[in-house]
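For reference, positions follow the sequence shown, starting with 1. Read the numbers this way: they start at 1 and go in the same order the structure lists the ligands and their atoms. What you are looking at is a predicted structure, and each value in this text was computed from that prediction instead of being measured. Keep in mind that the numbers below use all heavy atoms, side chains included, and drop hydrogens, waters and symmetry copies.
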Amino acid sequence: MKLAARVSQVTPSLTLAIAAKAKALKADGIDVCSFSAGEPDFDTPAHIKAAAAKALDEGKTKYGPAAGEPKLREAIAHKLKTDNGLNYKSENVIVTNGGKHSLYNLMVALIDPGDEVIIPAPYWLSYPEMVTLVGGVPVIVHTDATTGYKITPEQLRKTITPKTKLFVLNSPSNPTGMVYTPEEIKALAQVVVDADIFVVSDEIYEKILYDGAEHISIGSLGQEIFDRTLISNGFAKAYSMTGWRLGYLAGPAEIIKAASTIQGHSTSNVCTFAQYGAIAALQDSQDCVESMRQAFAKRRQVMLDRLNAIPGLSTAKPDGAFYLFPDISKTGLKSLEFCDALLEKHQVAVIPGIAFGADDNIRLSYATDMTTIEKGMDRLEKFVRRHSPS
Ligand SMILES: Cc1ncc(COP(=O)(O)O)c(C=O)c1O
């Protein structure tokens, strides 16, 4: 069979593959400690489920507007104003099948073949693939622990060419958990405005912050940057709604309208009754978000302390999301062989950094229970001690 050429240019998602492998081993009765999944282990809060169930009972089972239920678009615009200082109306918002789909819609709407999209590495693995799928050119800018795995304004400025259309910013970051400070965001915004390019700010982890870290939305820093900003966000991480497939894209009305047209011919509206769950998530108490955040904070500390006690690993302390990103270079192993051996020999699933453009690192998610964290860290320690030069 001759598949389209673009298929050979994309790589299947390694995170999904490893999470699936870990699940399959578990289903076979093998005691696997999995730190692979990028999803909270909590169930969706009851009041959100109840709102969706009520909508289902009330017959909200039909096609809806492609851009989303008007009430939800309004609720999102309100949230963006009050939480993030972004002056959007409903027409600036489209509801999508997850944050992933909001980014994909954006790429289809904005990127022409040959357009360059700047992506700092370590990056969330779907960014470059999405750019490639629409014929764009992902331009990867490597960062390391010396800048906290963050792109500097100088790096960004140097990378921009006449072909640059878009810069992808993700704070708090998957996979590093790093959070850009307000000053750092301000400096990056200035570069975006000076170069007259667009920035998409992926804010899906904005609510998962520690030690007083502050999330600032780049588009809130003035009219010039606001006009060049797209916001991608969703309900998966903050409200533990990964399976619901609910996200959104906000930005200039013309781009949102284009995304809506594209969505109208590809997926149509997001599941109608699920959108009522999202309305409840935004409009009801936010206590559930805070209690999950507190649980993540405790787990982060335990996992970080355990990792820091393992000679041969070096782990930066992140201020957000639910990932740790140890440097494994002292073990002499590259990330794929490290992860394969760890899963095969010690039944611990983690993600190789190469999936995120960083082959000297591995990613561990601590969105899992404390017993698994303790047991998994025991196994990891044994494995690394065996590989570390004494
Ligand atoms: C940085 C980042 N952006 C976007 C997403 C997409 O989330 P979803 O499509 O589940 O809303 C994820 C999920 O892992 C992510 O880590």
Side-chain angles (χ1 to χ4, degrees), residues 12-20 34-42 44 48 68 72 76 93-107 117 119-131 138 149-151 166-180 199-209 215 217-218 230-250 259 263 266-267 270-271 274-275 277-278 281-282 289 296 318-325 351 353 355-358 363-368:
S13 166
L14 246 181
T15 47
L16 295 184
I18 291 175
S34 184
F35 304 115
S36 58
E39 66 179 346
D41 54 321
F42 305 103
T44 302
I48 299 175
L72 178 54
I76 293 168
V93 174
I94 176 176
V95 182
T96 58
N97 283 280
K100 190 177 264 182
H101 186 227
S102 85
L103 291 160
Y104 188 70
N105 274 340
L106 172 65
M107 297 306 169
V117 178
I119 302 172
Y123 47 73
W124 180 49
L125 74 183
S126 292
Y127 298 141
E129 305 293 344
M130 288 180 188
V131 173
Y149 297 106
K150 299 175 196 174
I151 189 171
L166 179 68
F167 163 51
V168 180
L169 178 66
N170 175 216
S171 176
S173 149
N174 177 6
T176 68
M178 292 301 168
V179 179
Y180 284 79
V199 56
V200 60
S201 181
D202 181 346
E203 307 191 348
I204 200 146
Y205 295 99
E206 66 167 331
K207 301 283 183 193
I208 308 175
L209 296 168
H215 169 74
S217 199
I218 190 166
L230 284 304
I231 304 288
S232 175
N233 206 330
F235 296 83
K237 318 290 179 176
Y239 300 97
S240 198
M241 292 170 71
T242 48
W244 292 60
R245 309 312 304 131
L246 268 160
Y248 53 92
L249 180 72
Q263 183 153 292
S266 48
T267 57
V270 174
C271 172
Q275 292 187 55
L282 290 180
V289 179
F296 293 141
D319 291 327
F322 37 65
Y323 307 106
L324 294 175
F325 202 59
I351 308 289
F356 313 103
R363 189 196 76 178
L364 294 96
S365 160
Y366 50 86
T368 190

Donor-acceptor list for residues 240-247 side chains, cut-off 3.5 Å, not counting sequence neighbours:
residue	atom	partner	partner atom	Å
Ser240	OG	Phe42	O	2.6
Thr242	OG1	Glu39	OE1	2.5
Trp244	NE1	Thr44	OG1	3.1
Arg245	NH1	Thr242	O	3.0

| said: For the CG atom of Asn233 and the CD1 atom of Ile76, what is their distance to the nearest 0.5 Å? | reply: 9.0 Å
| query | Rounded to the nearest 0.5 Å, what separation is found between the NZ atom of Lys150 and the OG1 atom of Thr176? | reply | 8.5 Å
Once you restrict both partners to nitrogen or oxygen, which atoms of ligand 1 have a protein partner under 3.5 Å, and how far apart are they?
residue	atom	partner	partner atom	Å
ligand 1	3 (N)	Asp202	OD2	2.6
ligand 1	9 (O)	Gly99	N	3.1
ligand 1	9 (O)	Lys100	N	2.9
ligand 1	9 (O)	Arg245	NH2	2.7
ligand 1	10 (O)	Arg245	NH1	2.8
ligand 1	11 (O)	Gly99	N	2.7
ligand 1	14 (O)	Lys237	NZ	2.7
ligand 1	16 (O)	Asn174	ND2	2.7
ligand 1	16 (O)	Tyr205	OH	2.8

| Which residues share a ring-ring contact (aromatic ring centres under 6.0 Å, His included) with Phe167, sequence neighbours left out | none
Counting only pairs under 3.5 Å, give me each side-chain donor-acceptor contact of residues 122-131, with atom names and distances, residues two or more places apart or in other chains.
residue	atom	partner	partner atom	Å
Tyr127	OH	Asp202	OD2	2.6
Glu129	OE1	Thr11	N	3.1
Glu129	OE2	Thr11	OG1	3.1

| request: For this output row, return yes or no: ring centroids of Tyr323 and Phe356 closer than 6.0 angstrom. | output: no
